[in-house]
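What follows is a short report on a single structure.
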2 protein chains.
Amino acid sequence: MPKKTFFNLPQEKRERIIKSALNIFSSKPYHTISVNQLIKAARIPKGSFYQYFKDKKDLFRYLIQLIYADKVKRLRKVLNDSYNLFDVLRIMTREAIEFAKENPTYTAIANRLMTDPELKKEIIADFLPDGNGFMEELVLRSYESGELKTELEPEVLARIIMSIFQVMGDYIYEKSGNLSAKKSEELFIHVINLLEHGLKGCEEND
Amino acid sequence: MPKKTFFNLPQEKRERIIKSALNIFSSKPYHTISVNQLIKAARIPKGSFYQYFKDKKDLFRYLIQLIYADKVKRLRKVLNDSYNLFDVLRIMTREAIEFAKENPTYTAIANRLMTDPELKKEIIADFLPDGNGFMEELVLRSYESGELKTELEPEVLARIIMSIFQVMGDYIYEKSGNLSAKKSEELFIHVINLLEHGLKGCEEND
DNA sequence: ATATAATGTGACCGTTAGGTCATATGACCA
DNA sequence: TGGTCATATGACCTAACGGTCACATTATAT
């Protein structure tokens, strides 16, 4: 967590620091970013940086919290316990695409976090915004409701679903520009159908 | 590619360099490893390192080639064109688990490569050992044979399959010790069944 | 034995990093 | 007005980095 001197800063300065840090962290891998770059972009002296933050990770973790607070708030609004697993996935998809469109910088940073195993361990370990925990719970509920016919353990299935969503996100991100939100959502829907019914469809029983 | 002075080295020295580099690259993330660490571990002077390799990446790429040459050779032995997609996945699974058991260091390095997007781009871009290309071709053939009932584009499906295998690999790697090869293979088989028939199974048509 | 080319080597270079700290500045209170 | 305290600042520290290069050593050819 940033120190109280940071929160006492005049809004303009605080926002400048946050904004420039968001820009940088979204533009290249975490480990290639130095404190020197951050302070130069924020136009603050190095001494000040260390008055506000313990180190680079302290600042980064703060940004991640900002981002996930936003994401989770958004999801809470549209989700409730009555949905089944596949409905939830469909809703999450729609929200995620919308969120990515509205907050490309946030999305880029979240993406960098999720695709960097070491970083993920360090950052998510503490406050678990949506580590696999969330998905695991969802899957567990689905198992209990009896809608799933697989023998896979919930933890594994949760991981698989998370990684599929990750890969789909990457794909859409790469193609962005060429891919409309509508087309993106269609893509996800097909994937969710695949999860429901498999690649072979249901008429074949071998 | 390493320089010819490297290949002219007495076998003992060359193997010492390779072995120590394999150890280090398997033990921590690529970007945290410095040339200084590599030369210290290999017990060679810094000047020599630069006689043998252009830089760290040169050495790393060479190791990756060694690793994938092994992997591909192994796969070629058991695969032929008559198998369908799911059979191939099952065979690949068995081979991958065997390979991981026999070559844990190789596996750890390959894993680090595959989970580091920037590195992957840099290293795989050149010689494409098993970037998604291999899987994409496999999937394409499967589409043409008519065994798949999904509307997903082949590229997307290939990526999904790759990422699922990646995640399963991670999982097994984490649990290794607690998980026998037999149990691991079972896990994969369930996942492949999931791909074939979906999570809901086939009696339900909604 | 001597000349020539290939290889080995570690001191050395410039650069950058993360982090500190003595001092300067400015706000608030007596 | 003078004193106290939080904050601002950039020069400075040590450590490590990637990379080079003049020189030492060894192998090869004559």
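Letters A, B, ... mirror the listed sequences (proteins, then strands); counts begin at 1.
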If the cut-off is 4.0 Å, is [X] near the phosphate of [N], judged by side-chain N/O to OP1 or OP2?
X: A/Asn36; N: C/dT16; answer: no
X: A/Tyr52; N: D/dA8; answer: yes
X: A/Gln37; N: C/dA17; answer: yes
X: A/Ser48; N: D/dT9; answer: yes
X: A/Asn8; N: D/dA6; answer: no
X: B/Ser34; N: D/dA16; answer: no

Nearest-Å distance, [atom1] ([X]) to [atom2] ([N])?
X: A/Phe53; N: D/dT7; atom1: CZ; atom2: P; answer: 14 Å
X: B/Leu38; N: D/dC17; atom1: CG; atom2: P; answer: 10 Å
X: A/Lys3; N: D/dT7; atom1: NZ; atom2: P; answer: 11 Å
X: B/Lys4; N: C/dA5; atom1: NZ; atom2: P; answer: 13 Å
X: B/Asp55; N: D/dC17; atom1: CG; atom2: P; answer: 15 Å
X: B/Phe49; N: D/dC21; atom1: CZ; atom2: P; answer: 18 Å
X: B/Ile44; N: D/dG19; atom1: CD1; atom2: P; answer: 14 Å
X: A/Gln51; N: C/dA22; atom1: CD; atom2: P; answer: 14 Å

Have [X] and [Y] got a donor and an acceptor in their side chains that come within less than 3.5 Å?
X: A/Asn111; Y: A/Asp170; answer: yes
X: A/Tyr171; Y: B/Glu153; answer: yes
X: A/Ser142; Y: A/Glu147; answer: yes
X: A/Lys56; Y: A/Gln37; answer: no

**Q.** Shortest side-chain distance from A/Leu9, nucleotide among D/dA8, D/dT9, C/dG10
**A.**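 Closest nucleotide among those given: D/dA8.
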Q.
Quick one, A/Tyr143 and A/Leu85 - any side-chain contact, counting heavy atoms below 4.5 Å?
A.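 The answer is no, as the side chains (C-beta and beyond) never meet within the 4.5 Å cut-off.
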Q.
I'd like to know if A/Lys46 reaches the base of C/dG18 with its side chain, counting only an N/O donor and acceptor under 3.5 Å.
A.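 Side chain to base: pair present.
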